[in-house]
Student: 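Sending over a structure as structure tokens; questions will come in a sec.
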Amino acid sequence: MKDTFVTLFITSYFIALGVIIGGSFIGSFGAFLMGKPPLTYMSTLSDNLKIWALIAAIGGTFDTFFSIEKGFFQGATKEAFKQILYILSALGGAQTGALLIQWLIQDYLSS
């Protein structure tokens with residue numbers, strides 16, 4: 001069964017959101033076990049994981065970029081536009097996750 005555009009759009013958003021939130025929480029637990037400030041590490045991880053959340057959400061392959069290339073050079077603009085929207089959805093999910101982490105830890109960062 002082939003997924004529709006809307007399901008892939010929503011799925012890429014939530015995959016990126018989950019990578020940021022899950023990675024930040026698990027990484028901060030590791031920082032806690034090492035005796036480091038977990039909330040500071042959580043903040044740093046939420047910023048550093050954005051690119052990996054994007055890669056995970058779009059599938060980690062170059063198919064997206066090949067589709068964009070095909071769209072621009074072979075006239076399949078509809079497919080290229082869809083792929084750009086998938087990337088923007090993943091970027092939105094990653095940014096939402098980073099904002100949620102920042103709102104969660106607000107004033108508890110050590111300097």
Side-chain angles (χ1 to χ4, degrees):
M1 184 166 100
K2 186 147 171 91
D3 290 327
T4 64
F5 169 74
V6 175
T7 37
L8 290 174
F9 186 79
I10 293 170
T11 303
S12 67
Y13 177 86
F14 284 104
I15 288 171
L17 179 71
V19 168
I20 295 293
I21 291 175
S24 296
F25 273 103
I26 298 299
S28 69
F29 181 69
F32 172 75
L33 292 177
M34 293 185 310
K36 306 288 184 189
L39 295 179
T40 303
Y41 270 68
M42 188 182 290
S43 175
T44 304
L45 285 172
S46 70
D47 288 334
N48 292 341
L49 286 175
K50 285 182 186 177
I51 188 68
W52 297 108
L54 176 65
I55 291 169
I58 64 172
T61 65
F62 289 103
D63 291 340
T64 299
F65 299 107
F66 288 138
S67 295
I68 292 172
E69 178 189 10
K70 183 171 57 172
F72 288 125
F73 296 124
Q74 296 177 2
T77 55
K78 184 178 178 182
E79 188 62 33
F81 186 68
K82 282 183 181 180
Q83 296 301 321
I84 290 170
L85 287 178
Y86 292 144
I87 292 171
L88 290 176
S89 174
L91 284 171
Q95 185 63 29
T96 303
L99 283 174
L100 287 173
I101 296 295
Q102 294 303 318
W103 287 345
L104 177 72
I105 60 177
Q106 292 184 35
D107 297 328
Y108 300 108
L109 294 179
S110 65
S111 42

Student: Classify the side-chain pair Ser89/Ser12 by whether it contains a donor and acceptor separated by less than 3.5 Å.
Tutor: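 Ser12 and Ser89 do have a side-chain donor-acceptor pair below 3.5 Å.
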Student: If we only count heavy atoms from C-beta on, is the Phe81 to Lys78 side-chain gap below 4.5 Å?
Tutor: no
Student: For a quick test of reading the model, state the closest non-hydrogen atom pair linking Ala53 to Ala16 and the distance between them.
Tutor: CB-O, 3.6 Å
Student: Tell me the closest heavy-atom pair linking Leu45 and Gly27, and the distance in Å.
Tutor: CD1-CA, 3.4 Å
Student: Please report the interatomic distance OG(Ser28) to CG(Leu39), rounded to the nearest 0.5 Å.
Tutor: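 So the OG of Ser28 and the CG of Leu39 are separated by 7.0 Å.
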Student: Hey, are the side chains of Leu104 and Met42 touching, using non-hydrogen atoms and a 4.5 Å cut-off?
Tutor: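 Side chain of Leu104 against side chain of Met42, heavy atoms only: contact under 4.5 Å found.
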Student: Given the rule in the side-chain contact (heavy atoms from CB on, under 4.5 Å) test, do Leu17 and Leu100 qualify, once you have shown the distances and angles that lead to the verdict?
Tutor: CA-CA 9 Å; Leu17 179 71; Leu100 287 173; 4.1 Å; yes
Student: Starting from Leu99, can I reach Val19 by hopping between I/L/V/M/F/W/Y residues whose side chains sit under 4.5 Å apart?
Tutor: no
Student: Measure the CD1-CD1 distance between Ile55 and Ile15 for me, rounded to the nearest 0.5 Å.
Tutor: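 That separation rounds to 13.5 Å.
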Student: Identify the two heavy atoms, one from Lys50 and one from Ala98, that lie closest to each other, and give their separation to 0.1 Å.
Tutor: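 In this case the closest contact between Lys50 and Ala98 is CE-CB, 3.5 Å.
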Student: Filter on ring pair (Phe, Tyr, Trp, His ring centres under 6.0 Å), then keep only pairs touching residues 7-35, sequence neighbours left out; what's left?
Tutor: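 Every pair satisfying ring pair (Phe, Tyr, Trp, His ring centres under 6.0 Å) with a residue in residues 7-35: Phe5-Phe9.
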Student: Would you please name every residue forming a side-chain contact (heavy atoms from CB on, under 4.5 Å) with Ile26, sequence neighbours left out?
Tutor: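 So Ile26 forms no side-chain contact (heavy atoms from CB on, under 4.5 Å) with any residue.
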Student: Without swapping roles, check the side chain of Thr44 against the backbone of Thr40 for a donor-acceptor pair under 3.5 Å.
Tutor: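 Indeed, once roles are kept as given, a pair shorter than 3.5 Å links the two residues.
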Student: Among the clusters formed by ILVMFWY side chains lying less than 4.5 Å apart, do Leu33 and Tyr41 turn up in the same one?
Tutor: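 No, separate clusters.
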Student: If you compare all heavy atoms of Gly97 against all heavy atoms of Ile21, which two are closest, and at what distance to 0.1 Å?
Tutor: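 So the two residues come closest at CA-CG1, 4.2 Å.
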Student: Taking all heavy atoms of Leu54 and all of Ile87, pick out the closest pair and write down the distance.
Tutor: CD1-O, 3.7 Å
Student: Could you tell me which non-hydrogen atom of Asn48 sits nearest to which non-hydrogen atom of Ile51, and how far apart they are?
Tutor: O-CG2, 4.2 Å
Student: Output the distance between atom CG (Leu85) and atom CG (Leu91), rounded to the nearest 0.5 Å.
Tutor: 11.5 Å
